[in-house]
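For reference, the structure discussed in these notes is given below.
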Amino acid sequence: MSEQLPLTPSQTVGPYLRLGLDWPKGADVVPPGTPGEIVISGTVYDGAGVPITDGLVETWQADPDGRFAHPDDPRGAVEPSVPGFLGFGRSCTDETGRWSIRTVLPGALPALDDDAEEAPHLDVSVFARGLLDRVVTRIYFAGQPGNDTDPLLAAVPAERRATLVAEKVGEAEYRFDIHLQGDRETVFLQV
Amino acid sequence: MTLAHPRPYRQPRDTHPPLDYTGYKSTGLRAPTQRPILVPQRLTEVTGPLLVGAIGPNDHDLTRQHEGEPIGQRITVSGRVLDSDGRPVPDTLVEVWQANAAGRYAHKRDNWPAPLDPNFSGGGRVVTNSLGEYSFTTIKPGAYPWGNHHNAWRPAHIHFSLFGRAFTQRLVTQMYFPEDPLFAFDPIYRSAPEGARERMVSTFDMDTTRPEWALSYRWDIVLRGREQTPFEETHE
């Protein structure tokens, strides 16, 4: 192994993260009015069940064809099939602890080696005062047939899997609450 | 065509603070109690947002965002964003935010009795060049008290947010100033392991000081680099 430079440690975003991280259109992964747009929203809770009003939720996802506009997609970087699609969303939690993004459903991702195909999902980072490092989770979508064979969901104890699945609450609306602690503690991932 | 697992980013070791660091009280109800599940890095993790968004003309100069100049010691902060293999991370967004010279944030929830500065908002953004270099101009932030414990004070710091080129490289941290006497008492600084926390301290650099204008601090940021061989099996 070659000599490695030591990494810079993580620190909390603190309570005033909006001064640096609030983007006026951060929640728009796709422009308003995009055909097939969905809204994913939810509340971030602490261990006492109290909404966290100084947090930040970020999301990263493939486009509806399951592709990334990124050189490390082994199939090659392609322009997204949805005009204005960014893949990335950012939402500071509001005074009720709610976050929300506007996006489109990602496509399934191809199987790697002997794994099964990955069901549509978003990678999620949660930042807040009191979190010395981000915590990472995934959002899957209720009712997607691929959920049953998804290799990441399969690695999660069955009784906790539901914490990674967004519930359909309207024609084009999904709900995904994040519980940092407690009976319904969200499954967090080390990636 | 069968795709292979991508070459993963190295797992950080002896670097990040434990989430349940009890000296920092807010961790109590917020740090998850269950261990995170180690999962292989797949395509969503080795890709990431490369966007930089709109950069305003004064986003790199926090002293020029208002009619007048802010009060305080004018400084430049510059350095490189690298991965642990020593490769520069070019064209990546660096976001910063900080308190004013009196140690107060221009935020409605910061109400400790230090003066606000009408000429200082405290937020900035820059993009690294092809060599991974960044630079911005600001004023040196002040220390400030907080409610963590009796007589708690945060050492002066600037918050930094970095994307790198992959979801796995995302990092939010804080940059400190050399030889701050508050290091010995600050649980947030001390939450990072000994031997690692010192990497968050910038160095004063006379060479890049701008004569009759601004003092200069240098700080390099190192993000996770990639393993040389493909991922094999998850094991704990």
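If you're wondering where the values come from, they're calculated on a predicted model, not measured in any experiment. Every chain is numbered from 1 and lettered A, B, ... according to where its sequence line falls, protein lines coming before strand lines.
Contacts of Asp14(B) with chain A are absent, with no heavy-atom separation under 4.5 Å from either backbone or side chain. Contacts between Arg125(B) and chain A at a heavy-atom distance below 4.5 Å involve the side chain alone, from C-beta outward. Of the atoms belonging to Arg67(A), not a single heavy atom falls under 4.5 Å from chain B. For Ser191(B), the part lying under 4.5 angstrom from a heavy atom of chain A is the side chain only. Using a 4.5 Å cut-off between heavy atoms, Thr53(A) contacts chain B through both its backbone and its side chain. When heavy atoms are compared at a cutoff of 4.5 Å, Leu62(B) does not approach chain A at all. For chain B, the nearby part of Leu109(A) is the side chain; its heavy atoms alone come within less than 4.5 Å. Only the side chain of Pro110(A) comes within contact range of chain B, judged by heavy atoms closer than 4.5 Å. Residue Val29(A): no heavy atom, backbone or side chain, is found under 4.5 Å from chain B. For Pro106(A), no part sits under 4.5 Å from any heavy atom of chain B, backbone or side chain. Within the 4.5 angstrom heavy-atom criterion, only side-chain atoms of Val136(A), from C-beta onward, approach chain B. Using a 4.5 Å cut-off between heavy atoms, Asp54(A) touches chain B through backbone and side chain atoms alike. Only the side chain of His121(A) comes within less than 4.5 Å of a heavy atom in chain B; its backbone stays farther off. In this structure, chain A has a heavy atom under 4.5 Å from the side chain of Tyr9(B), while its backbone stays farther away. Heavy atoms closer than 4.5 Å to chain A are found in the side chain of Arg226(B), but not in its backbone. In this structure, no portion of Ala62(A) lies under 4.5 Å from any heavy atom of chain B. Neither the backbone nor the side chain of Leu162(B) comes within less than 4.5 Å of any heavy atom of chain A.
Using a 4.5 Å heavy-atom cutoff, the side chains of Val222(B) and Gln4(A) are not in contact. At a threshold of 4.5 Å between non-hydrogen side-chain atoms, the residues Trp97(B) and Val13(A) count as touching. Between Thr12(A) and Pro17(B), the closest side-chain pair of non-hydrogen atoms is not below 4.5 Å. In this structure, Val172(B) and Ser10(A) have side chains that are not in contact, with every pair of non-hydrogen atoms separated by 4.5 Å or more. Contact annotation: the side chain of His70(A) never approaches that of Phe167(B) to less than 4.5 Å [non-hydrogen atoms, C-beta and beyond]. Side-chain contact between Lys108(B) and Arg18(A) is absent, with no heavy atoms from C-beta onward closer than 4.5 Å. The closest side-chain heavy-atom distance from Leu131(A) to Pro32(B) is below 4.5 Å.
When all heavy atoms of Pro157(A) and Ile37(B) are compared, the pair lying nearest together is CD-CD1, 3.7 Å. Closest heavy-atom contact between Pro49(B) and Phe88(A): CG-CD1, 3.5 Å. Across all non-hydrogen atoms, the minimal contact from Ala69(A) to Leu50(B) is O-CD1, 4.3 Å. Closest non-hydrogen pair, Leu132(A) versus Pro18(B), comes out as CD1-O, 3.5 Å. The shortest non-hydrogen separation linking Pro9(A) to Thr173(B) is O-OG1, 2.7 Å. Across all non-hydrogen atoms, the minimal contact from Asp113(A) to His5(B) is OD2-ND1, 2.7 Å.
To the nearest 0.5 Å, the span separating CH2 on Trp23(A) from CG on Leu51(B) amounts to 5.0 Å. In this structure, the separation between CZ on Phe68(A) and CG on Leu43(B) is 6.0 Å, given to the nearest 0.5 Å. Rounding to the nearest 0.5 Å places CG of Leu17(A) at 10.5 Å from OH of Tyr105(B). To the nearest 0.5 Å, atoms CG (Asp20(B)) and CD (Gln181(A)) are separated by 10.0 Å. Expressed to the nearest 0.5 Å, how far CG of Leu5(A) lies from CG of Leu223(B) amounts to 11.0 Å. Distance check: Leu7(A) CG to His16(B) NE2 gives 6.0 Å after rounding to the nearest 0.5 Å.
Within a 6.0 Å sphere centred on NZ of Lys25(A), other residues, nucleotides and ligands contribute 12 heavy atoms or fewer. Around atom CZ of Arg160(A), more than 12 heavy atoms belonging to other residues, nucleotides or ligands sit under 6.0 Å away.
Residue with the most contacts toward chain A among Arg154(B), His159(B), Arg170(B): Arg170(B) (heavy-atom pairs, distance under 4.5 Å). Of all the listed residues (Gln98(B), Met200(B), His157(B)), the one sharing the greatest number of non-hydrogen pairs under 4.5 Å with chain A is Met200(B). Contact tally against chain A (heavy-atom pairs below 4.5 Å) for Ala31(B), Ala99(B), Gly48(B), Gly28(B): the top residue is Gly48(B).
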Working for side chain to side chain donor-acceptor pair (under 3.5 Å), residues Ser26(B) and Arg129(A): CA-CA 7 Å; Ser26(B) 296; Arg129(A) 170 177 64 82; 2.8 Å; yes
Between Glu95(B) and Leu21(A), is the side chain to side chain contact (heavy atoms under 4.5 Å, CB included) condition met? List the steps. CA-CA 7 Å; Glu95(B) 298 170 284; Leu21(A) 300 181; 3.6 Å; yes
So Trp219(B) and Thr8(A), side chain to side chain donor-acceptor pair (under 3.5 Å) or not? Walk me through it. CA-CA 10 Å; Trp219(B) 191 51; Thr8(A) 306; 5.8 Å; no
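Counting only distance, with no hydrogens or angles, the side chain of Asp46(A) and the backbone of Leu29(B) share no donor-acceptor pair below 3.5 Å. A distance-only check finds a donor-acceptor pair linking the side chain of Gln11(B) to the backbone of Val191(A) [under 3.5 Å]. Without hydrogens or angle criteria, Gln11(A) side chain to Ile188(B) main chain gives a donor-acceptor distance under 3.5 Å. At distances below 3.5 Å, not a single donor-acceptor pair connects side-chain atoms of Gln34(B) with backbone N or O atoms of Glu185(A). Panel note: side chain Trp60(A), backbone Thr44(B); a donor-acceptor pair is recorded below 3.5 Å.
Residues Arg42(B) and Asp123(A) are not paired through a salt bridge, judged by the lack of any N-O separation under 4.0 Å between the basic side chain and the carboxylate. Taking 4.0 Å as the cut-off between side-chain N and carboxylate O, Glu95(A) and Arg109(B) do not count as a salt-bridged pair. Classification of Arg165(B) and Asp72(A) as a salt-bridged pair fails, no side-chain N sitting under 4.0 Å from a carboxylate O.
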